[in-house]
Amino acid sequence: CYIGTDAFLLKLRGTQPPVFRSLFPIKDLDLLGDRLLVCTSYDALLMKAGDMKVTDTLIHQRTTCGAFWNGYFYLGTIGGLIRVSLPGKKVERLYETFLPFRSRIVALRRGFSNDLWVATSGAGLVHITPDNRYEVITEKQGLTSDICTSLFIEDNNQVWLGTNKGLNKIRQRQDTVDVSRFTVGNGLGADFISSVLVTDSTVYAGTPVGLTRFQKDHTTEPSICVLQILGVQQNGRQLPVDTVF
């Protein structure tokens with residue numbers, strides 16, 4: 001288990017003493033085999049998973065998130081998405097050729113169908129298919145907002161996307177996308193979703209006012225208030241109730 005903080009990198013090894021590395025501030029981690037990708041506010045590093053020794057520096061730039069996929073290192077920055085290949089460290093600025101990648105990249109997660117999901121802050125969610133096609137999911141397809149804040153992929157490739165205006169459950173059905181939305185109307189503590197985790201049948205949503213937990217298949221319907229205007233007054237004078245109000 002690897003834990004990244006603003007002060008250090010920590011590896012937990014069961015009953016063995018933990019391993020510390022003075023590396024900070026850490027923004028994201030990705031583990032694949034014996035390689036550990038560490039994204040920090042200053043650069044993106046490759047480390048040995050065993051002893052956590054640095055083996056290479058991919059870019060000297062603030063990196064918000066990262067993932068190793070299909071032989072490339074995908075790195076999110078505040079200016080957009082970058083792809084780096086090894087050996088040679090060839091850097092491709094994908095934001096120069098695809099508009100949604102020009103937004104700040106919030107999260108990068110490998111799917112369970114040999115695909116990659118890219119959450120952006122302003123351009124919605126981008127799905128990169130195994131054959132390298134880009135599929136964009138935005139408010140037009142039902143998202144609560146295009147400003148993404150967090151991302152979690154279930155093992156059945158069901159996607160949970162947090163935004164600044166609620167939580168979204170995304171399921172792909174052949175050529176269509178089915179989006180279920182969860183907001184304060186469904187019982188969330190707040191609409192800003194800072195983190196999301198799904199274990200078995202339980203969804204955990206982190207918000208600025210605390211943690212909300214609910215069963216993903218048993219959610220409440222949004223409450224509806226049917227408002228009827230019974231009277232209108234202006235400076236103490238009763239006004240007629242008509243369609244103007």
Side-chain angles (χ1 to χ4, degrees), residues 1-12 18-112 114-130 132 134 147-153 159 161-162 194-197:
C1 176
Y2 297 86
I3 301 174
T5 75
D6 285 343
F8 54 81
L9 175 64
L10 173 66
K11 179 182 179 181
L12 301 180
V19 179
F20 289 87
R21 284 291 179 269
S22 181
L23 190 68
F24 58 90
I26 296 173
K27 300 301 180 182
D28 195 23
L29 302 169
D30 188 37
L31 177 66
L32 188 65
D34 61 348
R35 288 188 291 186
L36 180 66
L37 173 63
V38 182
C39 302
T40 78
S41 291
Y42 306 105
D43 41 35
L45 305 173
L46 275 183
M47 306 179 70
K48 290 182 179 179
D51 55 13
M52 294 198 304
K53 290 184 178 179
V54 176
T55 60
D56 206 345
T57 300
L58 297 178
I59 57 172
H60 290 287
Q61 184 177 341
R62 180 178 180 181
T63 311
T64 56
C65 54
F68 182 74
W69 180 68
N70 274 6
Y72 294 93
F73 292 96
Y74 287 79
L75 304 174
T77 73
I78 59 176
L81 185 62
I82 292 174
R83 183 169 66 185
V84 180
S85 58
L86 291 179
K89 284 190 284 190
K90 178 184 177 182
V91 176
E92 299 175 77
R93 295 172 176 82
L94 300 182
Y95 56 81
E96 294 181 347
T97 57
F98 189 59
L99 184 61
F101 287 158
R102 296 181 188 177
S103 299
R104 177 187 178 124
I105 307 301
V106 174
L108 290 161
R109 296 290 182 267
R110 287 189 301 272
F112 289 84
N114 193 31
D115 50 357
L116 184 69
W117 297 86
V118 185
T120 76
S121 182
L125 180 66
V126 181
H127 179 213
I128 306 180
T129 65
N132 212 41
Y134 298 157
I147 301 177
C148 304
T149 54
S150 52
L151 180 64
F152 184 84
I153 313 294
V159 179
L161 178 70
S194 56
S195 59
V196 58
L197 172 68

(request) May I ask you to decide if Tyr95's main-chain N or O and Arg102's side chain share a donor-acceptor pair within less than 3.5 Å? (result) yes

(message) Quick check for you: to the nearest 0.5 Å, what is the distance between Tyr2 atom OH and Leu9 atom CG?
(response) 8.5 Å

(request) For Thr5, check side chain to side chain donor-acceptor pair (under 3.5 Å) against everything at least two apart and list the hits. (result) none

(request) Can you measure from CG (Leu29) to SG (Cys39) and round to the nearest 0.5 angstrom? (result) 7.5 Å

(message) The criterion is salt bridge (Lys or Arg N to Asp or Glu O under 4.0 Å); which residues satisfy it with Arg109, sequence neighbours excluded?
(response) Asp28

(message) Quick test of your reading: applying side-chain hydrogen bond (donor to acceptor under 3.5 Å, both in side chains), list the pairs with at least one residue in residues 119-128, sequence neighbours left out, ordered by first then second residue.
(response) Asp115-His127, His127-Glu135, His127-Gln172

(request) Could I get the full list of side-chain contact (heavy atoms from CB on, under 4.5 Å) partners for Phe98, not counting sequence neighbours? (result) Pro100, Phe101, Val126, Tyr134, Val136

(request) For Lys89, enumerate each residue passing the side chain to side chain donor-acceptor pair (under 3.5 Å) test, keeping only those at least two apart in sequence or located in another chain. (result) Asp56

(message) How long is the straight-line distance from CD1 of Ile78 back to CD of Gln61, given to the nearest 0.5 Å?
(response) 8.0 Å

(request) State whether the side chain of Lys11 and the backbone N or O of Asp51 hold a donor-acceptor pair below 3.5 Å, judged by distance alone. (result) no

(request) Can you sort out the partners of Val54 under side-chain contact (heavy atoms from CB on, under 4.5 Å), two or more places apart, ordered by chain and number? (result) Leu45, Met47

(request) For Asn70, enumerate each residue passing the side chain to side chain donor-acceptor pair (under 3.5 Å) test, keeping only those at least two apart in sequence or located in another chain. (result) none

(request) Check side chain to side chain donor-acceptor pair (under 3.5 Å) between Glu92 and all other residues, then give those that pass, not counting sequence neighbours. (result) Arg83

(request) Give every residue pair that meets the side-chain hydrogen bond (donor to acceptor under 3.5 Å, both in side chains) criterion with at least one member in residues 30-45, sequence neighbours excluded. (result) Asp30-Arg110, Thr40-Asp43

(message) I'd like to check the side-chain contact (heavy atoms from CB on, under 4.5 Å) partners of Thr55; sequence neighbours left out, ordered by chain and number.
(response) Leu46, Lys48

(request) Name all pairs fulfilling the salt bridge (Lys or Arg N to Asp or Glu O under 4.0 Å) condition that reach into residues 117-129, sequence neighbours left out, sorted by first residue then second. (result) none

(message) Applying side-chain contact (heavy atoms from CB on, under 4.5 Å), can you list everything that pairs with Ser85, at least two apart in sequence or on another chain?
(response) Tyr72, Lys90

